[in-house]
Amino acid sequence: MTKTRKTPADLRSANWLAGESMRAFSHRGRLRQLGFSPDDFDGRPVIGILNTWSDLNTCHGHFPERVQQIKRGVYQAGGFPVEMPAITLGEIMMKPTTMLYRNLLAMEAEELIRSYPVDGAVLMGGCDKTTPSLIMGATSAGLPAIYLPAGPMLRGFWNGETLGSGTDHWKYYAEYRAGNIESGVVDEVLAGASRSAGTCMTMGTAATMMSLAETLGMTLPGASSIPAADSNHGVMAAATGRRIVEMVWEDLVPADILTQAAFDNAITVDMAIGGSTNAIIHLVAMAGRAGVDVPLSRFDEISRRTPWLANTRPSGAYLMEDFYYAGGLRALMRQLDDLLDGSAPTVAGTPIGESWTDAVLHNDDVIRTRDNPLGPDGGTVVLTGSLAPDGAVIKQTAADPSLLRHTGPAVVFADRADLDARIDDPDLDVTADSVLVLQNAGPVGAPGMPEWGQLPIPKKLLEAGVRDMVRISDARMSGTSYGTCVLHVAPEAHVGGPLALVQDGDMVTLDVAERKLDLEVDAAELEARRSAWAPRKQIPERGYVSMYAAHVTQANRGCDFDFLHAGAPIPEPEIF
Ligand code: FES
C-alpha cells in the first residue's frame, strides 16, 4: 500500500509543539531551558535517539561519540534530534541475567517513544538482549524506527594467538580448572581479548542479533558487520541519522518491514552464520510483537535447507573483524540469494535484495561459497521428544560430532546452587558417557533463564582429558559458548515439565539427526514421580520479578510477557 507523504502539520510532535493551546506554549517555552527555540524544531521531525549507554555496559563505550554522529545526520536531513537514555543491559555486569530485563527494556523503549513528542526513533543497541529489546519495543510503539548496531570489537590477541571473546575465555578457564595453566594466564587472556569498545567479536548472541536485525531490514545495508572502532562505523551512524528523518516523512514503520518474509530471511541467515541459540527465542519474541507467527518448527524446516557458511567462532575459526574484511553480511546474503526473499522491504526504502547485488566476497574461507559449505544444514536444530514436549534446541555446529547421537545415564542437579556444590566432588558418580542435567534454570524457575546451559565438565573428567559431554537444561547458553548442550527445554522444570522428573541414573537419548530428545522412563513411573512433585523455589511476591514470573511465556513462545504480544493498538497519550 502506497502511503501519503507526511507534511509538517501531520507530525505527531506537532500535537505537543504547535498551535496555541496552553500546553503548546508551555512545551515550546520550556524547551528554551535546554537552549532550543522554535527555530530548532518548528515543522521538523523530532527524532528520539534511544541510547543504551552506561559506564557498566562494557560493549557500548563508543555510544557517546556515536550519538553526536547520529545527531549530525538528523540535523543535516532537517530533523530535531533528542537523546533519550534507556536502561542498558550490559551482559557482563548485570545479574542474575540480562534476559530477566529484556522485556523491561522493551517496555521502556515502547513507552519512551509513546509518551514523548517523538516522530521517529534511532535505536542504539548491540550487547546481546539490547537488540531484540529495542526492536520489540519500537515495533509495539508503531512509529518509524531504525536500528544502529554497536558493531563488534576488534579481534583479540595473546601470545601470538587470536582470541575470541567468551569462546576462548571458556577454553582457557577449562585448562585452568584442569590444572594446566596458572591464574595469571587467564588474566592475560582476558586482557588480550578486550581490546576496544564494541560487542563480543565471536558469532555470539550480539553479532548474531545485529546480523539478524540487518537481515530483517531494520538497519541500513552493511551496518551490522562494521567493527565498533572502525571509522566507517561513525559514518554509518550519521547516515542512520539522515535516513530516519526521511522515514518519518514516508511513514515507514516497523510493521511495514517485519513481515513473514523478513523473519524467514532472518532464520535462513541465522542458520547460515551458525548463529547463537538465543536468536531463536528472540526472533520468536520479535515476531510476536509484529503479529507474525514463527513456530519452532519453522526454524527446523529452514535449518534443513540452509548450509552453514560463516566460519566464525565459536563454531568456526575466524572472528567478526575477519567476517567484515571478507565482505560482511551482505556478501554472505549474496551466497544465499536463492534461499532469501530479496523483495522484503528495509528501512533504507529499498528491497533487501538490493543490499547484496554489489557485495564482493573477499575471502571464501571466512565466508564459504555454496559449493564449499562448512556443513550441509544449519547451525541450530530443534529437538522434541518425551523430555521436551514443547521443544528444545542444540547448536550442532558447536558440539562434538561423536555426541550428536548418544544415550547415557543422567546425573541430575536440582538447580544452579546444587550444580556448583557438587560438580567437582571427587565422589560424584559420573563418567564421560553420563548426561549432565540441570533443572530449575528456566524462564520462571531461575528466574530469567540465565546462560547456565554450558554446564561445567566435572573437574575429575577435565583432568582425564574430557572436554565435551551431553548436557541438558531449561537454561540458555551464551552465544559464545560451545559443547553438546541441549538448551531451552520446554516446558521448564519449575512449571512441571518432564525435565523436573528426571532422576539420577535415568537413561536419556539425544539423536540430533532424528531431532529427538527422550527420557527412557516408563509412563507409570513418571506419573508416580509427578504426583510427588512440587516446585522447588518460591518466587518473590513483590517487585519486578513477581510480575516477570507471572507473565513470562515459555522458551518456545519467546519468553515475552503475555500481555505484550501484538494486539489492539494502544491509544496516543491525551495532551492537556
Ligand atoms: Fe556485550 Fe558480549 S558482553 S556483547
Side-chain angles (χ1 to χ4, degrees), residues 51-64 66 86-102 105 123-135 147-156 162-173 189-214 219 223-230 233 270 273-279 281-282 312-315 319-321 323-324 329 395 398 448-454 476-482:
N51 186 356
T52 54
W53 174 85
S54 151
D55 268 335
L56 284 176
N57 188 327
T58 57
C59 305
H60 294 180
H62 53 318
F63 276 13
R66 294 294 174 267
I87 181 175
T88 199
L89 309 180
E91 194 65 28
I92 300 299
M93 300 292 180
M94 194 175 205
K95 307 297 176 193
T97 165
T98 52
M99 188 63 183
L100 185 61
Y101 299 105
R102 185 200 65 182
L105 173 55
L123 314 170
M124 298 180 69
C127 189
D128 284 27
K129 318 301 179 290
T130 56
T131 301
S133 298
L134 290 166
I135 294 178
Y147 180 66
L148 179 73
M153 68 174 120
L154 300 175
R155 58 165 100 81
T162 57
L163 295 172
S165 35
T167 308
D168 286 298
H169 176 197
W170 315 127
K171 188 176 89 177
Y172 279 95
Y173 188 63
V189 165
L190 264 293
S194 310
R195 288 183 54 227
S196 76
T199 68
C200 293
M201 73 320 232
T202 44
M203 189 61 85
T205 304
T208 299
M209 292 311 302
M210 292 189 292
S211 300
L212 300 189
E214 180 174 340
T219 77
S224 68
S225 307
I226 307 171
D230 192 303
H233 197 272
D270 183 35
I273 61 179
S276 163
T277 45
N278 287 318
I281 291 179
H282 298 321
T312 44
R313 297 182 208 179
S315 300
L319 296 168
M320 292 308 295
E321 194 178 342
F323 185 75
Y324 176 58
L329 185 73
K395 190 172 186 175
M449 205 180 179
E451 295 184 334
W452 296 340
Q454 188 193 32
R476 296 174 303 112
M477 176 174 90
S478 167
T480 63
S481 298
Y482 54 88

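Being a predicted model, the structure only gives us computed values, none of them experimental. Counting convention: from 1, in listed order, for ligands and their atoms alike.
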Taking the side chain as every heavy atom from C-beta outward, state whether Leu319 and Arg313 have any atom pair closer than 4.5 Å.
-> yes
Flag the pair Met99 / Ile281 as yes when at least one side-chain heavy-atom distance between them is below 4.5 Å, and no otherwise.
-> yes
Out of Asn51, Thr130, Asn57, which one pairs with Thr88 under the side-chain hydrogen bond (donor to acceptor under 3.5 Å, both in side chains) rule?
-> Asn57
Which protein N, O or S atoms does atom 1 (Fe) of ligand 1 have within a distance shorter than 2.8 Å?
-> Cys59 SG, Cys127 SG
Would you mind reporting whether His282 and Ser276 have side-chain heavy atoms less than 4.5 Å apart?
-> no
Atom of Met203, atom of Thr312 and distance for their closest heavy-atom approach | CB-OG1, 3.4 Å
Result of checking Lys129, Arg476, Glu91 against Thr97 for side-chain hydrogen bond (donor to acceptor under 3.5 Å, both in side chains) = Arg476
